[in-house]
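Down below is the structure, laid out as structure tokens.
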Amino acid sequence: MGFYLVREFSTLSKNEEMVERVFSTQLESILYSINQYSENVVQQWSQSLDHPVDPQGELMQGLMENLFAKNEALKAVRFSDLNVQEEQAIYFNDSAFVVDVWPEQPELDRLQGYLEANYQRVQVQAFEERLLLYFLPKNRDGQQLCQLVVEPQAFIQQNLSPMIQQVAHDIFYITIADSVSNQVLFTTGEDSGLAQTSARAAMWYLPGHQLGIRLKSQTLEELASERTQRDNYMLMGVGLLVVLGFIFVVINVRKEIKLAEIKSEFVSNVSHEIRTPLALISMYAETLLLKRVKTEEKQAEYLQTIHEESARLTGIVNRILNFSRIERNRIKYHFDRIDLQQALPEIVADFNAHLSAAHVECQCEPGEPEAWVMADWESLKTVVGNLLDNAMKYSDKPEKRVRVRILKKAKHVWIEVEDNGIGISAKHQKYVFDQFYRVTEGDLAHRAKGSGLGLNLVKRIMKAHGGTVSVRSKLGEGSTFSLKFPRKEKE
Ligand code: ADP
């Protein structure tokens, strides 16, 4: 792919060159056609003057009147006899002036040579501010010289301009300017001279002047480089997309692998957690069935264990069911206005038997009165229960302590569950609320049974309550989990 992109980039500049070449060839041929047109005009003049009539006769006079009337650019026409090098007749369009220019002999010889080859050529030479066109009429066998004095401005405006305007249309600017001084004689657009034009050509019948052409909107280079730039951006975009796509695939594959690992760990954790109570229940039930237990006290003790272990099993199954219900958004919350100040001691009391069986000293600190929140009672029990359960599970201190307290601020109410357990290192703290996440470092964390669902369940429930859960913890010293609820007024 990289190779392909590099290759594409290098061919782009070649393409740009080629497009530019094609464009400028086209522009050059437009300029050529304008010159060609000017030649047609001049040839029409020469043909209309090429007659075997008396240069001073009436016929010629009528012909001249006609020609002058149609062509303002023509200022004078002079006929001369080449043999004696003498003027035969001169005609003026409006005012008379002196025409005293004679072409160089080699030039005349050349024209005669052309004429012998049956080709009539019209030559041009500068004449003061005007042009002097001259040719040898065919009908006089090259013995006569015909000179035409032409006004360049009028020639362009009258004879060439309609055709140039037509060619320029809405697409091009065409300019005629002095090739040295760059003084503009004619333009179809704004007076920007030749410098801006994309192609230029000398004017055949206007010595010292050039024709220039450019696109109205942009120059060729701009057009071609804009195209190339657009192509460059597109290629870069494609390249970027490919790279992003690759990164995306890698991230997804890694996520999938991680998820597969987590799921298989979850299955083994849950099986492990379920196996212990199941083994105890089946062992005690079997002993009782075989009537091996002699005293009633022992019997009651065994039954009590079966009862407790099945309650534990129910707890595990409920947690998994709860989790899957929450995950599929199947859970229905029944929000009531609850005063945590009153509710919390009640919830904690439900866990007292558990806590004291695990030799955990639990303190529920009375906070400020009236900490009203909107909460679902069962979910409240689940979140607090999960935190208390973890506080019991993740502690190896000889004196295990749990403190539960309520903090009330203007807009929020917090329940804090603080333990003096093993704590959680900073690098794990941000992940403990992810589903299936378990800390496996340290002996106890590794041994303790669990599924990695508890804190994720707490997080989801708190979200549904418009609140959050967070943790502050120090490895080896203990953890404080905080449940943050939006505070409500009493009524
Ligand atoms: P588990 O079923 O593993 O207890 P949880 O989602 O409840 O799953 O907890 C995720 C992980 O966070 C646990 O595996 C444990 O390592 C860590 N943890 C949770 N609560 C505590 C706590 N009070 N003290 C230390 N570690 C804790």
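Indexing begins at 1, ligand by ligand and atom by atom, following the structure's order.
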Handout entry: Shortest non-hydrogen contact between Ile424 and His428, atoms and distance
Key = CG2-CB, 3.7 Å

Handout entry: ring-ring contact (aromatic ring centres under 6.0 Å, His included) pairs, two or more places apart, involving residues 280-309
Key = Tyr284-Tyr302

Problem - Ring-face cation contact, Trp414 with Lys409, 6.0 Å cut, 45° max - result: yes

Practice task
Report yes if Ile424 has an N/O atom closer than 3.5 Å to an N/O atom of ligand 1; otherwise report no.
Solution key: no

Practice task
Flag Asn456 as yes when one of its N or O atoms lies below 3.5 Å from any N or O atom of ligand 1, and as no otherwise.
Solution key: no

Problem - Residue portion contacting ligand 1 (non-hydrogen atoms closer than 4.0 Å) for Leu387 - result: neither

Exercise for the section: Report the part of Tyr437 in contact with ligand 1, treating N, CA, C, O as backbone and CB onward as side chain, heavy atoms under 4.0 Å; options are side chain, backbone, both, neither. Expected result: backbone

Completion exercise
Heavy-atom closest pair (Ser479 atom, Gly423 atom, distance to 0.1 Å) is OG-CA, 3.5 Å

Exercise for the section: Output yes when Glu365 and Arg403 qualify as a salt bridge under the 4.0 Å nitrogen-oxygen rule, no when they do not. Expected result: yes

Practice task
Within a distance under 4.0 Å of any heavy atom of Lys393, pick out the atoms of ligand 1 and give their elements.
Solution key: 1 (P), 2 (O), 4 (O)

Exercise for the section: State if Ser479 counts as touching ligand 1 under the rule of any non-hydrogen atom under 4.0 Å. Expected result: yes

Practice task
Would you check the N or O atoms of Phe481, main chain and side chain alike, for any that come under 3.5 Å of an N or O of ligand 1?
Solution key: no

Practice task
Report yes if some heavy atom in the side chain of Glu39 is under 4.5 Å from a heavy atom in the side chain of Gln36; otherwise report no.
Solution key: yes

Exercise for the section: Determine, step by step, whether Glu416 and Arg472 satisfy the salt bridge (Lys or Arg N to Asp or Glu O under 4.0 Å) criterion, reporting the C-alpha distance in whole Å, the side-chain angles of both residues, the deciding distance to 0.1 Å, and the verdict. Expected result: CA-CA 10 Å; Glu416 288 202 337; Arg472 304 190 298 275; 3.2 Å; yes

Problem - Distance filter under 4.0 Å to Gly454 heavy atoms, resulting ligand 1 atoms - result: 5 (P), 6 (O), 7 (O)

Problem - Candidate with minimal heavy-atom separation from atom 21 (C) of ligand 1, of Tyr431, Phe436, Tyr394, Phe433 - result: Tyr394

Fill in the blank from the handout: So the atoms of ligand 1 within less than 4.0 Å of a heavy atom of Val439 turn out to be 14 (O), 16 (O)

